[in-house]
Protein chains: 2
Amino acid sequence: MPRIVQKYGGTSVGDVERIKKVAERIKATRERSGSVVAVVSARAGVTNELLARARSVSEQPPRERELDQLLAVGEQETCALMAMALHGLGLEAVSYTGAQAGIRTDNVHTRAKIRMIDPAAIERDLAAGRVVIVAGFQGINDHGHTTTFGRGASDLSAIALAAALKADKCEIYTDVDGVYTADPRVVPDARKLDEIAYDEMLELASSGSKVMMSRSVELAKKYNVIFEVRSSFNYNPGTIVKEEVAYMEKVVVRGVAVDKDQAKVIVSNIPDKPGTAASVFRALADANVNVDMIVQNVGRGGVANLTFTVPQGDSHRAVETLQPVLAELGGGEVSIQDHIAKLSVVGVGMRSHSGVAATLFQTLAAAGINIEMISTSEIKISIVLDQLRADDAARLAHAAFHLDAAV
Amino acid sequence: MPRIVQKYGGTSVGDVERIKKVAERIKATRERSGSVVAVVSARAGVTNELLARARSVSEQPPRERELDQLLAVGEQETCALMAMALHGLGLEAVSYTGAQAGIRTDNVHTRAKIRMIDPAAIERDLAAGRVVIVAGFQGINDHGHTTTFGRGASDLSAIALAAALKADKCEIYTDVDGVYTADPRVVPDARKLDEIAYDEMLELASSGSKVMMSRSVELAKKYNVIFEVRSSFNYNPGTIVKEEVAYMEKVVVRGVAVDKDQAKVIVSNIPDKPGTAASVFRALADANVNVDMIVQNVGRGGVANLTFTVPQGDSHRAVETLQPVLAELGGGEVSIQDHIAKLSVVGVGMRSHSGVAATLFQTLAAAGINIEMISTSEIKISIVLDQLRADDAARLAHAAFHLDAAV
């Protein structure tokens with residue numbers, strides 16, 4: 001009998017009625033499998049309510065230890081309610097906080113990393129025939145303090161538990177049907193993928209396809225946890241994410257992703273000498289600015305231009321961080337260009353296929369769309385373009401790579 | 001420098017503004033004392049909201065383990081917010097759940113008893129100069145499961161922590177100024193007491209004066225924790241509760257309490273033979289019916305009448321419980337009389353004074369108030385009377401014992 005770990009996100013458990021529906025789904029799973037562990041998020045909106053209260057109780061930003069202590073209650077409420085809903089359906093169920101589930105983390109707050117999971121308590125309950133409900137997104141550190149993993153990280157709890165419990169399958173329930181070849185709101189022809197490789201999923205996640213955090217996919221890849229992304233609002237099959245997917249040779253491009261939460265930072269006229277780029281990016285890393293694409297051109301007169309992209313919220317911090325650095329380097333200006341977007345085409349098949357870049361660039365050129373930056377990895381090509389043309393570009397790329405056709 | 005444990009109830013931390021006010025009060029305490037531990041309740045209303053969700057998620061009554069897991073989050077939220085509010089005022093503060101505070105309980109859920117407190121973690125924080133905020137009403141059992149102590153039991157957390165930490169003083173902040181000689185809404189002349197003995201406070205608590213649960217007072221008495229009941233809405237001194245109070249010889253009656261949440265159960269015409277009363281009250285105890293006053297009269301013809309009072313909510317359960325018992329005993333009827341009240345006069349001084357009962361009975365007789373039952377303890381006289389006359393009786397008794405005059 002298979003052992004299954006499930007995860008239900010905030011909209012899936014958004015209110016009492018939704019919790020009852022999920023309980024029915026867990027019951028159905030329990031009836032066709034040996035054992036079920038379900039990880040639940042806070043009800044949609046609860047985390048934001050708690051954050052609003054934290055902000056209004058003090059003018060200072062809340063300290064991270066206390067923020068963890070506060071935010072953890074959202075998931076704890078849901079898991080207790082879910083256990084009660086299961087009792088109402090006649091199932092034996094027990095709820096656990098992250099600490100009770102044996103999820104041990106490092107001592108960093110608000111973005112803790114899982115160190116290990118001691119599954120003894122859960123194993124005892126599963127052996128006794130109980131369904132185990134675990135509060136997502138949280139653990140406990142060496143000092144016995146509550147830690148959390150960052151927004152949206154209930155997936156991480158589920159993947160980690162699936163690994164620790166040697167689950168046969170992990171199901172990530174969310175409010176979308178699975179992973180699509182492109183955002184269906186932008187590309188009407190977008191098609192749900194039956195399968196996708198970890199690496200493709202990772203590139204899509206880092207390219208603005210917000211189905212799951214990269215971190216959770218990385219963990220799944222590391223422990224070879226096969227998981228399915230599917231909707232809790234219907235019974236359609238979702239997308240299975242695993243190491244090797246069928247038809248891998250035939251498929252060149254798996255999907256197109258657009259990320260509009262991007263800003264371009266342009267550092268111009270800096271002295272072109274060894275160590276310049278290192279100084280710039282060391283300073284940005286120390287300031288926790290998340291740099292994505294980087295392009296450097298050497299200009300005339302011994303000066304260089306450096307362009308990179310950051311999440312929009314980080315752009316002003318990037319400028320503030322770099323101004324003293326440029327002064328120390330002996331010159332240069334820094335400016336921001338908003339209203340850009342990043343478009344990525346992703347596919348494991350690219351590794352052994354040439355011509356993907358050429359097809360993409362030709363398609364966009366034919367439509368008069370200007371490409372401002374280009375960056376490539378083994379399984380991805382990303383370009384920066386005008387935000388206003390991003391949706392057009394996505395539709396054109398989707399069609400150019402025949403992503404509407406089932407494989 | 002004194003060490004102080006404080007407790008702030010649900011109305012005291014009812015919203016973000018109130019939490020900020022309490023943070024200021026904690027800061028002021030910290031400035032004039034060596035160390036402060038503050039126990040906080042859930043924001044007023046939160047526990048009821050959680051209970052409503054628990055009831056709507058399943059038609060079954062929630063299981064007690066899950067109820068504890070659910071309800072504990074109310075206090076956890078407040079304690080994290082309080083720590084943040086203190087940071088905003090420039091104070092070092094850290095929040096603890098009951099488990100983190102080392103509050104170990106037995107394995108009973110929703111009404112757990114504290115077994116012991118391991119204060120090591122709190123002591124470390126106090127030594128480091130931090131204010132410690134503890135989520136009230138909760139602890140952890142041997143299995144690592146969350147337990148709670150019952151409604152209104154954050155006081156219990158505070159008294160127990162004061163004992164474990166050998167605090168110099170414990171302050172119970174609530175929405176009233178202290179313990180009064182009578183309910184000021186009923187008796188306009190009622191006076192706040194500066195001091196009261198544990199035993200008097202216990203008798204008042206069990207007589208309907210709802211300032212604190214008897215259980216918390218009993219714990220304070222057992223560990224000789226001196227505490228002050230006072231308001232968090234002003235800076236008036238409250239009432240100090242301790243073993244021996246000043247002027248004890250002079251004061252005969254300390255206060256008058258009225259409890260309208262009472263029903264009288266009358267068991268009539270039961271065979272008058274040994275063991276009858278035992279059968280009746282054993283059955284009631286097994287059914288968790290809380291019996292208060294008991295009166296038995298032997299009537300004519302070898303039958304007896306047994307009258308007792310129970311909380312109104314228990315009266316129908318009492319009748320259901322007794323019907324099969326009476327059948328087994330060979331006869332008798334059981335009926336309920338609602339609309340009664342219990343009035344108690346309480347005072348340690350009664351121990352060595354006669355005439356208190358006579359004064360009370362004469363006063364009520366002169367006003368035409370009928371006494372239906374009488375019960376006495378060493379420091380209390382309680383009577384049952386018509387609920388409609390209870391407030392009159394309280395005012396008359398208050399005046400007859402000169403409780404309006406300061407001692």
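For A:Thr97, the parts sitting under 4.5 Å from any heavy atom of chain B are the backbone and the side chain alike. Contact of B:His145 with chain A is made through backbone and side chain together, with heavy-atom distances under 4.5 Å. For B:Gln100, the part sitting under 4.5 Å from any heavy atom of chain A is the side chain, from C-beta outward, and nothing else. There is no contact between B:Arg55 and chain A, counting heavy-atom distances below 4.5 Å. Looking at B:Ala23, neither its backbone nor its side chain comes within 4.5 Å of chain A, counting heavy atoms on both sides. B:Arg53 touches chain A through backbone and side chain together, each having a heavy atom under 4.5 Å away. Contact of B:Leu67 with chain A is made through backbone and side chain together, with heavy-atom distances under 4.5 Å.
Between B:Glu75 and B:Arg43 there is no salt bridge, since no side-chain N of the basic residue sits under 4.0 Å from a carboxylate O of the acidic one. Between B:Asp106 and B:Lys113 there is no salt bridge, since none of the side-chain N atoms of the basic residue sits less than 4.0 Å from a carboxylate O of the acidic one. Comment: A:Glu92 engages B:Arg63 in a salt bridge, judged by a side-chain N to carboxylate O separation of less than 4.0 angstrom.
Of the candidates B:Thr147, B:Asn141, B:Thr146, B:Thr147 is the only one forming a side chain to side chain donor-acceptor pair (under 3.5 Å) with B:Thr105.
Ranked by non-hydrogen atom pairs under 4.5 Å with chain A, the options B:Met82, B:Gln69, B:Gln60, B:Glu59 are led by B:Gln69. If you tally non-hydrogen atom pairs under 4.5 Å between each of B:Ala54, B:Ala80, B:Ser95 and chain A, the highest count goes to B:Ser95. Chain B forms the most heavy-atom pairs under 4.5 Å with one residue out of A:Cys79, A:Ala121, A:Ser56, and that residue is A:Ser56.
Of the inter-residue distances, the one linking B:Leu91 atom CG with B:Glu24 atom CD reads 11.5 Å to the nearest 0.5 angstrom. From A:Ser12, atom OG reaches atom CD1 of A:Ile172 across 10.5 Å, with rounding to the nearest 0.5 Å.
Cation-pi check for B:Arg25 over B:Tyr8 is not met; the charged atom does not lie both under 6.0 angstrom from the ring centroid and within 45 degrees of its normal.
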